[in-house]
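What's counted below: heavy atoms across the whole structure, side chains too, no hydrogens, waters or symmetry copies. Bear in mind the structure is a predicted one, so any value in this text is a computation, not a measurement. Proteins come first, then strands; the chains are lettered A, B, ... in the order of their sequence lines, and each starts at number 1.
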Amino acid sequence: MKNLSQIQIKRLTTVHGWSGTILGVLLYAVIVTGTIAVFAHEIADWSVGGTGKTDTLSATIDRNVRAVVEPLPEKYRHSIGVWKTARSELIVFPHFHTRNPETGKMEDYGPMFRMDRGTGEVLARHEGFAFLNADWYRASALENFLVDLHVQLYIPEPWGLIVTGILGLTMMAAGVSGLVIHRHLIRDLFVAERSGERLVSARDRHVLAASWGLVFAFLLGFTGSFFSFAPTITFPLLAEVAFGGDQEALEETLYTPQVNEDARPVPMADLGQMVSRSSATTGSNTGYIEIMNYGRADSRISIWQEPPARQLSWVHNVFDGGSGEFLGAKPIVGQKPSIGGVLYDLMWPLHAGDFAGVLSKSVWVGLGSAMAFVVISGLRLWVRRREEQPLWRRFGRVITIVAYGLPVAILTCAHANFLALATGANPFWWTPAGFLIGFAPCILPGLLISDDEPLRRLYRYLLGGGCVLLPLIRMATGGLDWRAALHAGQTTVVSVDITLILLGFTLIWWAQRPRIAAKPDPAPAE
Amino acid sequence: MELTVIVALTASVTALAHLAHADPKRRRAFGLPLYAKRRRTTITLVILLLPGVGLLALGDSAGFTIWIGGLTLLGWGIAAVRPKRNTARSG
Amino acid sequence: MRRNNSLVARWLLGSVGVLTAALLFTMALPVLLPPGPAEIDNIVWPLVLAPVFWALLFTYICLEENLRRSAILLGGISVVCGTIVGFTLFA
């Protein structure tokens, strides 16, 4: 890349810097919420503190599903989704696909049952376009809010997805342009930040983090924009070209197991046995079950298993619903294995790090934090170069407020979630409200304190205190205490509590640490 | 699987630490004298990359992905720590 | 004046031009690609890789010195792929 002209480098620097300046703050929000959302399931388990994590799904599932599905009219038996919530309750959702007059889109309609898995009691029954109501199918308002914020920044569909998709593209473009601008990626791979608060120090910091994070910045941006654009733009367009606009037909081709239609009534085999068999064959936990054509000869049961040991992708096992016979694993897309299928399978694990439990997720949290650091250090470098101008200095202040304030607001929403649970208020309303309330402790210090250093210290205290208090608030508002949690096999609750306390004390320690006036390193910059 | 990945990462990180320690640009930037011994870059690179190749050869695609993700993080960590100042060189 | 014109042209090519070419290229792929053993490759490849097509074209526009050549390339992709898409949709 040595033979690039100065004009080309300058142009790329402009693109890199301005796209970062305009979209960097939003990108930071998506990255931070995404980093937290890596542990969405654990956060859900922790925030609702459900017991019964250790029982297997298979024990009572057959009885529970039969009890609610068999009295239903035929039209609801076309497709039945079954899964377990973070509170360890069973959701059974018999539905059909129909156009929602309000959104104008094809959506799943039917009665959604929330059941106690042990007693089989129906705890709630709602009927409608169920996936528009998160409180029907999700136990944790906190998980729901954090995931929603990451996926679409709380902007209504489809615009939120389009915005996050554009941010994914920005991340890819920033990676590529950054690589070209920097040129000496390998040579500078080990050059630590030179001390002394100089411009070169700010540059070193950004370049070093970005160089090491380059591959994953590209991958996370690419996979992220795939998840944003596939449902909103690419999938409908490809359905136009390849299936005459019939998105249902395209969905069936990709995802549904093939079966010859046969509407003869047939009693269903034991679902619990199929779930046990599926888990044993794949050697991992069951995530989600879908029953097609319940009570008919062409019934198919799809059981999705989490990735087995040493593998990245989920496994889709297919059973004959009438005989209970295992028909084999179907690729996630298509009926036969293909390169396209492999590529598609890689997108989720590479985006979310959701394939080898806590270990892979921890690495992804690290990668996410590194990306957040790259964005903020890049913004700081950009401002540093222009700090003689008051407008840019003010923008620098905004960066500090957002960098620290966003995590403060996220902590506030977690506190609000627990307070709502304790007072019987609707946590699905109060969690987002708590986030907005969190804007006060997030923005006010930035307006009141004029010096940067004390401001950062205050934010670190706020963050540290917020983290340490969370487990206490959780327990005080009726969450599981550690003894009960360990007794119920809920190790997630204890692990998240401990992580928060450690993180909190680290932040407080960081806030207290005296600032060392660094002496500039004597060596020349280049 | 977890143990395999941790062993693989340890080997690769050791190699990275050596590369960082002997890196000429890093030493120059911090006013250290050039690395006196042979850097043995080729063999270090082999030690760095071999665990990844091994994980792939074992069919451990999950392990490989954790390895490469972890390596970029730990590599950043190693590179970001400033080398100790050379006390002999003071001006 | 000429410099301003070329700046505007590059902005247009980099925004609308790249987006149009990448979208039409993505839409034409189901027709152009072989469906593969599972008969889904021609759909899944463009579905997954659409963001990469955009990134490649965008980087190209940023680097290309000769604006006329980049206009011809983007225009060419758009016209050829647009024709294929048009025939598939309306014929």
Problem - ring pair (Phe, Tyr, Trp, His ring centres under 6.0 Å) evaluation trace for A:F190 with B:W76 - result: CA-CA 8 Å; A:F190 293 107; B:W76 177 38; over 10 Å; no
Handout entry: Stepwise side-chain contact (heavy atoms from CB on, under 4.5 Å) test for A:W212 and B:L74
Key = CA-CA 9 Å; A:W212 284 96; B:L74 295 169; over 6 Å; no
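Residues A:A192 and B:A79 share a closest heavy-atom pair of CB-O, 3.0 Å. Listed here is the closest heavy atom pair of A:E193 and B:R82: O-NE, 2.6 Å. Contact detail for A:A356 and B:I66: the closest heavy-atom pair is CB-CD1, 3.8 Å.
In this structure, CG in A:L189 is found 8.0 Å from CG in B:D23, a value given to the nearest 0.5 Å. Rounding to the nearest 0.5 Å places CG of A:L346 at 7.5 Å from OG1 of B:T65. To the nearest 0.5 angstrom, B:L58 atom CG is 6.0 Å from A:R310 atom CZ. Remark: A:I186 CD1 to B:K25 NZ distance equals 12.5 Å, nearest 0.5 Å.
No side-chain heavy atom of B:L73 sits less than 4.5 Å from a side-chain heavy atom of A:F216.
Contact of B:L55 with chain A is not made at all, since no heavy-atom distance falls under 4.5 Å. Using a 4.5 Å cut-off between heavy atoms, A:L350 touches chain B through its side chain atoms alone.
Annotation: A:W382, atom CH2; neighbour count of heavy atoms from other residues, nucleotides and ligands within 6.0 Å is above 12. The number of heavy atoms from other shown groups lying within 6.0 Å of CD1 (A:I339) does not exceed 12.
Among B:G69, B:A80, B:P24, B:G70, the residue with the largest count of heavy-atom pairs under 4.5 Å with chain A is B:G69.
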